[in-house]
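A short worksheet on the structure shown next.
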Amino acid sequence: MLSLDPSGCKKRKRVDSVFKFKAFGEQGYPIESCVTFRENVKALLEYGNVEMVFMNGMTVWSFQLEVHRHPPSHVLLFVVEESVEASPNRHCKHCIYIGWGEHLICNKKYHFLVPSKDTMSAFLSYFGNNHSSTVMGKLNFLELNGHTMHGVFHSNGFGHLLCVNGLETGSDLAGHLILDFWSRLCFCLQARKVSLIDLAKQRSMDLRLLHGAAYGQSWFGHWGYQFGRGSFGVTQQMYQKALEALQNVPLCILAHHIGPLDMEIPILFSKYQTLSSRSLVTLGDLLKFMLDLKSRLPKESALRTYNPGILVENSCRWSPKRIEMAARVIVESLKKAKFRWVSRQEVRDTARTYVGDTGLLDFVLKSLGDHVVGKYLVRRCLNPVTKVLEYCLEDISNTLTNQEEFVTSDSKFKARCKISRAQLMNDMFYIYSYIVRGQKKDMDSTITSTISLASRIVLDSKYFVKDYKGNEILSKVESEDGEKSKLYCTIAIQDNIDIGGPDESEHKLITLPYEKIMLRKNATFNELIEQVEKNFREIYWGFKSFMFGSIINLNPKGSDQVFRVSKSGSKLVFQGKLVDMGMNHESIFESGLRQNMIVDCGCGTKGDDGERMVACDICEVWQHTRCLKIPNNEEIPNIYVCSRCEQDILVLPALP
């Protein structure tokens, strides 16, 4: 592997054509990170195979990645360079939804795709039909659903993870492996910030809700993605409080209210308390334990646990009814010795008073052990001193209110328990469906409303962001070669926002992300200005017409040496203007025409959050259809008048 010059990122020879999937993106494999995001992308693509060059300069590169050597397993990574001229829509809806509408449109986007088997077939069909394919067709391919992974970066280093499809959707890669791969790519390329829309599910369970109730963060939170923006007026504070509310619901209260309605829930609580080495007090404790246990279980059986009822084989000479009757007799005999271990012989002798068939009693006593009979858990253990089988009876409701005593039952029971991954998933789905998402109306209204409201808030929080670099690069001590020093430069531009008539506008100063500029130590300000203009024109579409004005808090001459006025590593803010008056807000900002979109919904939302909305035909104010009680399965009315305009119409005087 050739080392790269981090200051120059010059062209180098291609190394092996097959890369290791689990190492791709690590430092030095295949590139060492260079100065800027654009240079890192350029360096990476030099190792790819050029598959196709489309009109208007769109190009596709491919990388073959080895997942396993034995048996051989490979995936393909495609990188598509999309120029703003080739795109049918210059504006990025993902930037708007996450709140980056004030970002300037970039000259290029880079799509990183790992196609699934289905989308790979579509990709190959495009390649095989080169002459008839169009740029529009290529972009339609990029918008296909079902890729194993699809992420896109703007040339300023901001990006969006558009989809991750793991094993549950038929992929050969697990979701966590895909996220690890994506994270390595982001670090390797020195991405700034990356957003995503968390719609991940497992067996129809929303992972942002399930993991939120268990860990206090979404599934993507394990890779550093945090709350970015909420829909329907949800704020970060509301989101955090909702997570805390779900995590801290006491199991004993749930068991008290649910027990009379469905005995399966208290049984499940007790079941996993048996397996846990510590007390499971809250709903968060339970779900976290179940998810952690799932990660340790193989796809087939691993542990043992008690079963609700005794399994009766077809060849058994006693009927299920007689076996159930004998089990209840044994439970009644154990009730008299509550929380005390009783030898097998004592239990047998007491039960014989009511059941004369000793063979039936022996069969039931042999079968009972960590089984549930009615509202009771029957435990069985070999006394380590006397080597005699002993039985103990525990009330399930007592299990939840006396959990510390429950935990002291020792690991010798867990060693005798058994559970499969499929059973655990079924139990988790039952708890999720019954408690987290679908409480019964008969439950206590306070508990129901609390869980329902918290769940709704978490589900309305699906936009997440990871800050891969932030301002860390600005304070990071970096080695410099003997000839060049660095500066961090940005440009502040004034945006005129209409607030009334044609002559009424508000001047808003917008500052772009800092870019790293490398200069000779004796470089002048004229050279610096030239380099800054060149860099920002390469990144942003609207800067084709930008003209430099001044440097904030500095008034140097063009011939002055930069590093005699500013220290290496300093941050400089440049001001300027767009000389082409045709370059308005619509043409250079991601928000485009939506800049003038007025959103004022009853939920508190003041901007476009990507949810379905309708505008009043009189005042042109947008509101969520959900907040207006318009079901998603109903079409938006052709003519809609909001309640405020309706009231204004009602108070108008009648026409003569």
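Not measured: the values here are computed from a predicted model. Because only heavy atoms are used, hydrogens play no part in the values below, and waters and symmetry mates are left out as well, while side chains stay in.
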Quiz prompt | Leu459 vs Arg208 side-chain heavy atoms within contact, under 4.5 Å | solution = yes
Quiz prompt | For the student: nearest non-hydrogen atoms of Ala213 and Leu246, plus distance | solution = CB-CB, 4.1 Å
Quiz prompt | Distance-minimising heavy-atom pair for Pro115 and Thr148 | solution = O-OG1, 3.6 Å
Quiz prompt | Modelled atom types, side-chain donor and acceptor of Ser270 and Gln273, under 3.5 Å | solution = no
Quiz item: About how many Å separate OG of Ser171 and NZ of Lys117, when rounded to the nearest 0.5 Å?
Solution: 8.5 Å
Quiz prompt | Considering all heavy atoms, the nearest Ser343-Val388 contact | solution = CB-CG1, 4.1 Å
Quiz item: What residues, two or more places apart in sequence or in another chain, satisfy ring-ring contact (aromatic ring centres under 6.0 Å, His included) together with His222?
Solution: His211, Tyr215
Quiz item: What class does the angle between the rings of His94 and Tyr97 fall in, given that below 30° is parallel, 30 to 60° is tilted and above 60° is perpendicular?
Solution: perpendicular
Quiz item: When you look at OH of Tyr430, are more than 12 heavy atoms from neighbouring residues, nucleotides or ligands closer to it than 6.0 Å?
Solution: yes
Practice problem: Keeping the roles fixed (side chain from Asp357, backbone from Leu360), state whether a donor-acceptor pair exists under 3.5 Å. | Solution: yes
Quiz prompt | Side chain to side chain, Leu293 and Leu297, heavy atoms closer than 4.5 Å | solution = yes
Self-check item: Identified side-chain contact (heavy atoms from CB on, under 4.5 Å) partner of Arg348 from the options Val342, Ile330, Leu365
Solution: Leu365
Practice problem: Could you tell me whether the side chain of Ser461 and the main chain of Ile457 form a donor-acceptor pair under 3.5 Å? | Solution: yes
Quiz item: Side chain of Asp198, backbone of Ala200: donor and acceptor closer than 3.5 Å?
Solution: yes
Quiz item: Are Leu173 and Leu167 close enough, and set up right, to give a side-chain contact (heavy atoms from CB on, under 4.5 Å), and what steps lead you there?
Solution: CA-CA 6 Å; Leu173 294 171; Leu167 297 174; 5.8 Å; no
Quiz item: For the atom pair CZ (Phe289) and OH (Tyr272), what is the distance rounded to the nearest 0.5 Å?
Solution: 8.5 Å
Exercise. Taking the side chain as every heavy atom from C-beta outward, state whether Lys22 and His68 have any atom pair closer than 4.5 Å.
Key: yes
Practice problem: Check the surroundings of atom CZ in Arg612: do more than 12 heavy atoms from other residues, nucleotides or ligands lie under 6.0 Å from it? | Solution: yes
Quiz prompt | Test side-chain contact (heavy atoms from CB on, under 4.5 Å) applied to Lys294 - qualifying residues, sequence neighbours left out | solution = Gln202, Arg421, Leu424, Met425, Met428
Quiz prompt | Carboxylate-amine/guanidinium contact Lys335 Glu332, below 4.0 Å | solution = yes
Exercise. Measure the spacing between CG of Leu334 and OH of Tyr391 and express it to the nearest 0.5 Å.
Key: 9.0 Å
Quiz item: Heavy atoms, side chains only, cut-off 4.5 Å: are Asp172 and Val67 in contact?
Solution: no
Quiz item: Heavy atoms, side chains only, cut-off 4.5 Å: are Val194 and Phe153 in contact?
Solution: yes
Quiz prompt | From CA spacing to verdict: side-chain contact (heavy atoms from CB on, under 4.5 Å), Tyr432, Arg437 | solution = CA-CA 6 Å; Tyr432 174 88; Arg437 288 289 289 139; 3.3 Å; yes
Practice problem: Not counting sequence neighbours, which residues clear side-chain contact (heavy atoms from CB on, under 4.5 Å) with Glu611? List them please. | Solution: Ser231, Phe232, Lys462, Asp609, His624
Quiz item: Roughly how far, to the nearest 0.5 Å, is the NE2 atom of His74 from the CD atom of Gln64?
Solution: 5.0 Å
May I have the list of side-chain donor-acceptor pairs in residues 178-189 shorter than 3.5 Å, sequence neighbours left out?
residue: Asp180; atom: OD1; partner: Trp223; partner atom: NE1; Å: 2.7
residue: Trp182; atom: NE1; partner: Tyr225; partner atom: OH; Å: 3.1
residue: Ser183; atom: OG; partner: Leu179; partner atom: O; Å: 3.0
residue: Arg184; atom: NE; partner: Phe24; partner atom: O; Å: 2.8
residue: Arg184; atom: NH2; partner: Phe21; partner atom: O; Å: 2.6

Self-check item: Geometric cation-pi criterion Arg203 and Phe429, 6.0 Å radius, 45° cone
Solution: yes
Practice problem: Check whether any side-chain heavy atom of His147 lies under 4.5 Å from a side-chain heavy atom of Val114, and answer yes or no. | Solution: no
Self-check item: Closest approach of Leu361 to Val355 (non-hydrogen atoms, all atoms of both residues)
Solution: CD1-O, 3.6 Å
Exercise. Drop me the distance from Gln217's CD to Phe227's CZ, to the nearest 0.5 angstrom.
Key: 14.5 Å
Exercise. Report yes or no: do Asp427 and Gln423 form a side-chain donor-acceptor pair below 3.5 Å?
Key: no
Quiz item: Is there a donor-acceptor contact under 3.5 Å linking the side chains of Ser116 and Thr119?
Solution: yes
Exercise. Measure the shortest side-chain to side-chain distance between Ile435 and Leu254 over non-hydrogen atoms and say whether it is less than 4.5 angstrom.
Key: yes
Quiz item: Can Val152 and Phe112 be said to form a side-chain contact (heavy atoms from CB on, under 4.5 Å), step by step?
Solution: CA-CA 6 Å; Val152 60; Phe112 287 75; over 6 Å; no
Self-check item: Side-chain donor or acceptor of Thr350 paired with backbone N/O of Glu346 under 3.5 Å
Solution: yes
Quiz prompt | Derivation of the salt bridge (Lys or Arg N to Asp or Glu O under 4.0 Å) call for Arg456 and Asp460 | solution = CA-CA 6 Å; Arg456 185 70 266 163; Asp460 288 340; 3.3 Å; yes
Self-check item: N-O pairing of Asp292 and Lys288 below 4.0 Å
Solution: yes
Practice problem: For residues Gly25 and Pro30, report the shortest heavy-atom separation together with the two atoms involved. | Solution: N-CD, 4.4 Å
List, one per line, each side-chain donor-acceptor pair under 3.5 Å for residues 235-244, sequence neighbours excluded.
residue: Thr235; atom: OG1; partner: Met238; partner atom: N; Å: 3.2

Practice problem: Assess whether atom CD of Gln27 is packed by more than 12 heavy atoms of other residues, nucleotides or ligands within 6.0 Å. | Solution: yes
Exercise. Please tell me if the side chains of Leu251 and Thr282 come closer than 4.5 Å, counting only heavy atoms from C-beta onward.
Key: no
Quiz item: Can you name the side-chain contact (heavy atoms from CB on, under 4.5 Å) partners of Ser195, sequence neighbours left out?
Solution: Ile98, Trp100, His160, Val465
Practice problem: Mind checking the OG-CZ spacing from Ser333 to Arg352? Nearest 0.5 Å is all I need. | Solution: 13.5 Å
Exercise. Could you walk me through whether His111 and His150 pass side-chain contact (heavy atoms from CB on, under 4.5 Å), step by step?
Key: CA-CA 7 Å; His111 296 262; His150 183 187; 3.0 Å; yes
